[in-house]
Amino acid sequence: MSSKADMRSGLSKVTNGEASTRRAVITVGLIFVASLTALFYVYTSFPELEEDERQYMKLPLHIEDAKNLGKLLERYKDLYYFQVLAGLFITYIFLQTFAIPGSIFLSILSGFLFRFPIALLLVCTCSAIGATMCYLLSSLLGRRLLYRYFPEKANEWTITVSKHRDNLLNYMLFLRMTPLLPNWFINLASPVIGVPMMPFTVGTFFGVAPPSFVAIQAGQTLHKLTSSSDAWSWNSILILCVFALLSLLPVVYKQKLKQKFE
């Protein structure tokens, strides 16, 4: 009798797990559709474009797209400032939320269209909100899938994160400032391995500021760029490395202090 009860209990857990995963997939799908609807609303609420301008109103996939879109938005920016700002804001968050490439071009466009402080605040805010939305979606579905198919690896990563819990903000700052891991991977992996939301969001907001500084500055000479890589120079890379190392100094200091008193 006990064996049959255990089997029924096991089957019930599997069935509940499958149903829960399906609900998570449906929820993510509905959020994606709602986000697409918001993006479509932004597009349709924009002022009526001339026939030859409509072809440039699209997500920039390369630097030429960014140049054409920048020229188009610049014409309308003075009369429709908040529509242009809101359009960039929503589009940037959409790309970050669903880990879609192209946000680097929106960072460059922000530098081209707006004054530096506004552009930097816009990019940092959008990055933090979009990354946090991606974090939540990954937490909803990614964690479930990882623990279902790779439970041992999930537990191993969780233990590693727990050991460094006091320094997660510094590690997040370091990862955002360096190209060691792509941002989309950090967004998706963080909730799965147990990184709390607060250090994740705060670390993203401040961590993306130095690389965004470079992209925004490049946007001020958008017409001269031939690719997104032109935004980077050896000087800017060196400065980012310095900032990244500075973000780890508190961690090193804590470890030295701990060793001293042990």
*asked:* Can a side-chain donor-acceptor contact be found between Y56 and E64 if the only test is distance below 3.5 angstrom?
replied: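 The criterion, which ignores hydrogens and geometry beyond distance, is not satisfied for Y56 and E64.
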Contacts under 3.5 angstrom, residues 104-111 side chains, donor-acceptor by atom type, not counting sequence neighbours:
| residue | atom | partner | partner atom | Å |
| --- | --- | --- | --- | --- |
| S107 | OG | Y92 | OH | 2.8 |
| S107 | OG | S103 | O | 3.2 |
| S110 | OG | L106 | O | 2.8 |

Output the distance between atom [atom1] ([X]) and atom [atom2] ([Y]), rounded to the nearest 0.5 Å.
| X | Y | atom1 | atom2 | value |
| --- | --- | --- | --- | --- |
| L137 | F98 | CG | CZ | 5.5 Å |
| I100 | T91 | CD1 | OG1 | 10.5 Å |
| L73 | M57 | CG | CE | 6.0 Å |

For [X] versus [Y], what's the shortest heavy-atom pair and its separation?
| X | Y | value |
| --- | --- | --- |
| P210 | G207 | CD-O, 3.4 Å |
| S212 | L120 | CB-CD1, 4.1 Å |
| T178 | A244 | CG2-CB, 3.4 Å |
| A131 | T204 | CB-CG2, 4.0 Å |
| N170 | S247 | ND2-O, 2.9 Å |

*Test side-chain contact (heavy atoms from CB on, under 4.5 Å) on T97 and I129 and set out the steps.*
CA-CA 8 Å; T97 300; I129 294 174; over 6 Å; no
Kindly indicate whether the side chain of [X], heavy atoms from C-beta on, has any atom under 4.5 Å from the side chain of [Y].
| X | Y | answer |
| --- | --- | --- |
| N68 | L72 | no |
| L113 | L88 | yes |
| F94 | F32 | yes |
| Q220 | F112 | no |
| S35 | L39 | no |
| E53 | Y76 | yes |
| L121 | P117 | no |
| S127 | F205 | no |

Could you list the donor-acceptor pairs under 3.5 angstrom formed by side chains in residues 181-201, with sequence neighbours left out?
| residue | atom | partner | partner atom | Å |
| --- | --- | --- | --- | --- |
| N183 | OD1 | R176 | NH1 | 2.9 |
| N187 | OD1 | R176 | NH1 | 3.2 |
| N187 | OD1 | R176 | NH2 | 2.6 |
| N187 | ND2 | N183 | O | 3.3 |
| S190 | OG | I186 | O | 2.7 |
| T201 | OG1 | T132 | OG1 | 2.9 |
| T201 | OG1 | M197 | O | 3.1 |

Would [X] end up clustered with [Y] when hydrophobic side chains under 4.5 Å apart are linked, directly or stepwise?
| X | Y | value |
| --- | --- | --- |
| L69 | L79 | yes |
| V33 | Y43 | no |
| L36 | L59 | yes |
| V42 | L122 | yes |
| V208 | L245 | no |

_Between F213 and F116 (judged by ring centroids, cut-off 6.0 Å), do the two rings come close enough to count as a pair?_
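Yes: the rings meet the under 6.0 Å criterion.
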*More than 12 heavy atoms of other groups within 6.0 Å of Y171 OH*: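 Check passes, neighbour count above 12.
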